[in-house]
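Working notes, structure below.
Convention: sequence-line order gives letters A, B, ...; per-chain numbering from 1.
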Number of protein chains: 2
Amino acid sequence: MGERRVSKPTVSRLPLYWRSLERRASDDLRYVSSEQLANWTGFKEPTIRRDLWSLGVAGVRGFGYDVATVVLALGRHLGLERQTNVVIVGVGHLGHALAQYPVFATHGMRVAALLDADPDLAGYQIGDAVVEDVDCLEQVVAARDITVGIIAVPADAAQDVAERLAVAGIGGILNFAPRVLVVPDTVMVRNVDLSVELQILAYYLQAAAGPVNPQA
Amino acid sequence: MGERRVSKPTVSRLPLYWRSLERRASDDLRYVSSEQLANWTGFKEPTIRRDLWSLGVAGVRGFGYDVATVVLALGRHLGLERQTNVVIVGVGHLGHALAQYPVFATHGMRVAALLDADPDLAGYQIGDAVVEDVDCLEQVVAARDITVGIIAVPADAAQDVAERLAVAGIGGILNFAPRVLVVPDTVMVRNVDLSVELQILAYYLQAAAGPVNPQA
DNA sequence: TAGATTGTTAATCGATTAACAATC
DNA sequence: TAGATTGTTAATCGATTAACAATC
């Protein structure tokens, strides 16, 4: 009893640790210090130590952390061991770019289906996958054990696709359409939104350029 | 004196307010309540009231907020009034998709240049812009008053491009390459990282599927 | 040993939220 | 007036960070 009272690490840092170590593990890098990781990822050292600690990774005082151990622990924590099947809905330029993205394979993911509403695209092959009609969404998701959906359709179609994915039993959605999706909370949604990012940049640029006119 | 002691709103919510209102302002929507905004954006009502309040927007008790006023205040705050010139570096499928993205125009942004290292692409037109050689980066940035750079090149080329953009005097970078960029802190970087997002999704899916095996 | 870096607590910080008086 | 919704404080919450003892 007396549950250990420790705040979990913010998950979004873990992929960055993983990536910077994975990339260097081949270079004979045996040990890494929190200082090095801080340089490579931009996070603060104590934050990194706390994260690794709460992951259950033991470092060696005076030396640092064993790279292989850390990579393994991160991979286990992030679920990279089990294969995740992904469907990409919408094969415009964006969907096309995503389908070719090399990270899927290295991250325990597989593009199990490409769907589009345009019949002309049907049969078109990208990587290992072939474009199919979006009408097949439900069957495809069920038949291929797909748990993650990537939405790369125009904004107006996004909510509809999201609902169908949710009903089909998907667990997570990565949404590239500039819309807020409403889905049951059994479904986790991450938004990747160019327009939001641009506006945030614009905000900071303006803020840097000069103070906003002083209004109460 | 006695500076008003108020935490600024987390900027990333403002674009979502803006978008959901902008989209509905045409539909004769005059007033909006924090409850409605909560439904449309997924944020909590008190958070929304606080955000609007710290923006200096006065609502009407019992009615809500005047939509036009809110949209205007958000736009001013986000810097949507002044035009921002953007360069997209890397015109693969992703860069191509970004160049065609309709949000630029509506968000006070203009794609002022498209750059790529592949000579075969030079002269290719997308939207209002024509692909030029990446060697021209410095000249183009200076000549066209470009303040934001979008990096859509392969991971290995990203850091190099980022440095050149920084030296050229850019103020903000939107980075789509799966690399942590190291730049002077005069440059603001926002990362849009498919692999990170996928790993985060995978993490939550795994966490939902069942507890991790109990290790100290 | 001397030097370095971890492990871990406690303090800090900032953002979110509950709650309710104010008032349209 | 009655009903609704804002304005704003205070409490809560969680994450970040400073700091330093522990120890390889």
| note | When rounded to whole Å, the CD to C1' distance for the pair E45(A) and dT5(C) reads 9 Å

| field | Rounded distance (Å) that lies between atom P of dT23(C) and atom CZ of F63(B) | value | 17 Å

| message | Less than 4.0 angstrom between a side-chain N/O of R49(B) and OP1 or OP2 of dT6(D), yes or no? | response | yes

| said: Check the phosphate of dT5(C) against S34(A), side-chain N and O only, distance under 4.0 Å to OP1 or OP2. Yes or no? | reply: no

| said: Between W18(A) and H107(A), is the ring centroid distance below 6.0 Å? | reply: yes

| said: Closest approach to the side chain of K44(B), judged atom by atom: which nucleotide of dT5(D), dT17(C), dT5(C) is it? | reply: dT17(C)

| said: Of the options dC24(C), dT17(C), dA19(D), whose atoms approach the side-chain atoms of T47(B) most closely? | reply: dT17(C)

| field | Full working for side chain to side chain donor-acceptor pair (under 3.5 Å) between R144(A) and N85(A) | value | CA-CA 7 Å; R144(A) 298 176 201 167; N85(A) 292 313; over 6 Å; no

| Taking atom NZ of K44(A) and atom OG of S34(A), what is their separation to the nearest 0.5 Å? | 13.0 Å

| task | Please report, rounded to the nearest Å, how far the P atom of dG7(C) is from the CG atom of L37(A). | result | 13 Å

| In residues 180-188 of chain B, what residues come within less than 4.0 Å of DNA chain D, judged by heavy atoms? | none

| remark: Closest to the side chain of T10(A), out of dT6(C), dA15(D), dT8(C), is dA15(D)

| said: Taking the basic N atoms (NZ, or NE/NH1/NH2) and the acidic carboxylate oxygens, is any pair closer than 4.0 Å for R164(A) and E138(A)? | reply: yes

| task | Could you name each residue pair satisfying salt bridge (charged side-chain N to carboxylate O under 4.0 Å, His left out) that touches residues 193-204 of chain B, not counting sequence neighbours? | result | R19(A)-D193(B), R190(A)-E197(B)

| task | For D51(A) and dT6(C), give me the distance from atom CG to atom P, rounded to whole Å. | result | 13 Å

| said: Heavy atoms from C-beta onward define the side chain here; which of dG7(C), dA19(C), dG7(D) lies closest to that of W53(A)? | reply: dG7(C)

| message | What does the 5'-to-3' dot-bracket notation of DNA chain D look like when only Watson-Crick and G-U wobble pairs under 3.5 Å count, and pairs to other strands show as |? | response | ..||||||||||||||||||||||

| field | The single option from V134(A), L114(A), V153(A), L98(A) passing side chain to side chain contact (heavy atoms under 4.5 Å, CB included) against V91(A) | value | L114(A)

| message | Nearest 0.5 Å, please: how far is CG in L181(B) from CD in E163(B)? | response | 9.0 Å

| task | Could you tell me the separation between the OH atom of Y65(B) and the P atom of dC24(C), rounded to a whole number of Å? | result | 14 Å

| said: Less than 4.0 angstrom from a charged side-chain N to a carboxylate O is my criterion; do R110(B) and D128(B) meet it? | reply: no

| field | Integer-rounded Å distance: dC24(C) P and R61(B) CZ | value | 7 Å

| query | When the distance from CD1 of I48(A) to P of dT8(C) is rounded to whole Å, what number comes out? | reply | 17 Å

| For F43(B), does the CZ atom sit with more than 12 other heavy atoms under 6.0 Å from it, leaving out its own atoms? | yes

| Nucleotide nearest E35(B) when distance is taken to its side chain, options dT5(D), dA10(C), dG7(C) | dT5(D)

| Tell me: CZ of R50(B) to P of dA19(C), nearest whole Å? | 16 Å

| From V87(B), V167(B), L165(B), residue fulfilling side chain to side chain contact (heavy atoms under 4.5 Å, CB included) relative to L137(B) | L165(B)

| task | Examine dT6(C): is either OP1 or OP2 under 4.0 Å from a nitrogen or oxygen in the side chain of Y31(A)? Give yes or no. | result | no

